[in-house]
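So you know, we letter chains A, B, ... as the sequences are listed, proteins then strands, and number each from 1.
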There are 2 protein chains.
Amino acid sequence: MARESTCRFAILGMLCREPMSGYDLRSAIERSVGHFWQESYGNLYPTLERMAEERLVELEPEERSPGGRVRKVYRVTAAGRTALAEWLRRPVLPHVERNELLLKLFFGARVGPADSLAQVERSRAEAEALLAALRLIDEDVRHSRKDDPEFAYWYLSIRAGLLGLEAHLRWCDEAREALERLKPATGSTKKRGAR
Amino acid sequence: MARESTCRFAILGMLCREPMSGYDLRSAIERSVGHFWQESYGNLYPTLERMAEERLVELEPEERSPGGRVRKVYRVTAAGRTALAEWLRRPVLPHVERNELLLKLFFGARVGPADSLAQVERSRAEAEALLAALRLIDEDVRHSRKDDPEFAYWYLSIRAGLLGLEAHLRWCDEAREALERLKPATGSTKKRGAR
DNA sequence: CACCGGATATATCAGCCTGATATATCCGGA
DNA sequence: TCCGGATATATCAGGCTGATATATCCGGTG
């Protein structure tokens with residue numbers, strides 16, 4: 001029945017560290033868990049409103065900037081903390097992640113190895129860039145936060161990212177090789193494969 | 001702007017192999033690409049209707065079972081084949097996959113290492129089961145389909161699954177170790193934890 | 001024969017979520 | 001003073017999931 005908005009819990013987790021506005025939430029989430037979790041404004045703002053109705057969060061007493069600019073800073077309530085803890089203990093339900101790259105490759109015979117190869121190369125380049133970025137974050141966190149009591153928990157997600165990306169790169173290399181073997185005999189690349 | 005229903009292309013790809021009903025499509029997809037792509041009826045039926053309006057697919061001439069039972073068998077049109085080929089060549093746009101397990105672990109300090117450990121163990125068991133299943137499929141496909149011209153393309157997705165799951169298992173082991181180190185060092189809390 | 005249960009088959013809906021769009025203010029630098 | 005980029009909130013169409021409803025077919029059991 002009622003699918004449960006996971007967004008709620010991302011918000012609760014972040015608000016437990018520090019009260020924030022919807023805008024702040026988005027960047028805090030991006031900065032800390034951005035490599036495996038993101039939230040859009042279109043999701044955050046309505047969700048925050050609902051959560052306020054449900055008393056999981058509440059607005060901090062009107063804190064306006066001098067000019068009178070609107071800024072809604074939310075804070076987590078006791079009920080919010082309870083709900084978060086309850087969710088953290090609940091098992092993750094298994095879910096098949098859609099993988100558009102694999103789907104395109106699966107039907108790849110309809111367009112030929114060159115196009116599939118291009119998809120793999122693009123994916124590889126992207127993964128390489130993500131890996132480089134994550135390694136920088138890794139370095140940074142290992143130095144600046146290694147004494148934070150939450151360090152071990154944060155580190156788990158970085159390791160997951162690193163291992164996952166490395167595995168993906170290995171797969172890309174394998175796939176590239178396999179697809180290259182499919183290409184029509186090397187040398188003269190002109191053969192127009194009329195169907 | 002118009003996000004493009006990926007479901008359309010999963011349907012087109014499958015219908016290119018053989019005309020099918022919505023019901024058949026669901027099981028064909030489940031059987032062949034189920035480990036990285038699934039479609040729900042709630043998505044398939046309305047999508048098929050729209051695609052028929054757009055002339056990407058068409059109904060086969062009334063094919064009813066003797067009792068007059070309704071059964072709508074769709075077939076891909078020339079326009080459908082073109083649309084599929086065009087999509088297959090278009091680059092996959094990068095997208096951060098949400099990972100609920102990692103999110104729960106990231107906030108794990110709020111409930112403690114035992115609960116996080118349980119999440120990891122569950123995920124590990126699940127991955128182990130998926131891996132075993134995929135190895136069977138691997139065996140099967142390598143024997144029964146190795147001469148199919150599309151074999152190489154199908155095989156890519158199996159290898160992606162195998163490498164991904166193996167990497168995940170390695171991460172689980174790492175995570176388990178890290179979380180076990182966080183547990184209150186006591187040897188006092190009995191050896192075999194009561195589950 | 002009647003009945004049952006599981007597979008076949010289609011359809012609809014609430015609700016989550018994304019990506020796009022709109023709007024307005026703040027503030028530092030040219 | 002004006003510009004542009006960051007800050008900030010809000011709304012919407014449309015994709016998609018998981019649940020629910022409904023009905024038929026068919027083989028096996030009593």
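Remark: A:S5 is in phosphate contact with C:dC17, judged by side-chain N or O atoms under 4.0 Å from OP1 or OP2. Distances shorter than 4.0 Å separate none of the side-chain N or O atoms of A:T6 from OP1 or OP2 on C:dC16.
Electrostatic pairing of B:E58 and B:R75 counts as a salt bridge here, judged by a charged N lying under 4.0 Å from a carboxylate O. Classification of A:R124 and A:E128 as a salt-bridged pair holds, one side-chain N sitting under 4.0 Å from a carboxylate O.
Contacts of A:H168 classified as ring pair (Phe, Tyr, Trp, His ring centres under 6.0 Å), with partners at least two apart in sequence or in another chain: A:W171. Scanning for salt bridge (charged side-chain N to carboxylate O under 4.0 Å, His left out) contacts around B:E126 gives an empty result, with sequence neighbours left out. Every residue was checked against the ring pair (Phe, Tyr, Trp, His ring centres under 6.0 Å) condition with B:Y153, not counting sequence neighbours, and none meets it. Under the salt bridge (charged side-chain N to carboxylate O under 4.0 Å, His left out) criterion, A:R31 pairs with no residue at all, not counting sequence neighbours. Taking the side-chain contact (heavy atoms from CB on, under 4.5 Å) definition, one finds that A:F36 meets it with A:V33, A:S157, B:N99, B:L102, B:L103, B:F106, sequence neighbours left out. Residues passing the salt bridge (charged side-chain N to carboxylate O under 4.0 Å, His left out) test with A:R142 are A:D138, A:E139, sequence neighbours excluded. Shown here are the salt bridge (charged side-chain N to carboxylate O under 4.0 Å, His left out) partners of B:R159, two or more places apart in sequence or in another chain: A:E174.
Computed from coordinates, the A:R50 CZ to D:dT9 P distance equals 17 Å when rounded to whole Å. If you take CD of A:E30 and C1' of C:dT18, they are 14 Å apart, rounded to a whole angstrom. Counting to the nearest Å, the P atom of D:dT9 and the CG atom of A:D24 are 8 Å from each other. Separating the CE atom of B:M51 from the P atom of D:dG15 is a distance of 12 Å, rounded to the nearest angstrom. Separating the CG atom of A:L103 from the P atom of D:dG15 is a distance of 17 Å, rounded to the nearest angstrom. When the P atom of C:dC16 is taken as reference, atom CD of A:E39 falls 12 Å away, rounded to whole Å. Across the protein-nucleic acid pair, A:E4 atom CD and D:dC16 atom C1' stand 18 Å apart, rounded to whole Å. In this structure, B:E100 atom CD and D:dT17 atom P are separated by 16 Å, rounded to whole Å.
Within the 4.0 angstrom heavy-atom criterion, base atoms lie near A:S40.
Less than 4.0 Å separates DNA chain C from at least one heavy atom of each of the following residues of residues 91-99 of chain B: B:H95, B:R98. Against DNA chain D, the stretch residues 7-20 of chain A makes no heavy-atom approach under 4.0 Å.
In a base pair of the Watson-Crick type (N1 to N3 plus N6-O4 or O6-N4) or a G-U wobble (N1-O2 and O6-N3), with each distance short of 3.5 Å, C:dT23 is matched with D:dA8.
More than 12 non-hydrogen atoms from other residues, nucleotides or ligands lie less than 6.0 angstrom from CZ of B:R50.
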Show me, pair by pair, the donor-acceptor contacts under 3.5 angstrom made by side chains of residues 86-93 of chain B, not counting sequence neighbours?
residue	atom	partner	partner atom	Å
B:E86	OE1	B:R90	NH2	2.5
B:E86	OE2	B:R90	NE	3.3
B:E86	OE2	B:R90	NH2	3.4
B:R89	NH1	A:D115	OD2	3.3
B:R90	NH1	B:E4	OE1	2.7

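Among residues at least two apart or in separate chains, there is no ring pair (Phe, Tyr, Trp, His ring centres under 6.0 Å) pair with a member in residues 114-139 of chain A.
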Which atom pairs link the protein and nucleotides 11-14 of chain C when you take only N or O atoms and keep those under 3.5 Å?
residue	atom	partner	partner atom	Å
C:dA11	OP1	B:K72	NZ	2.7

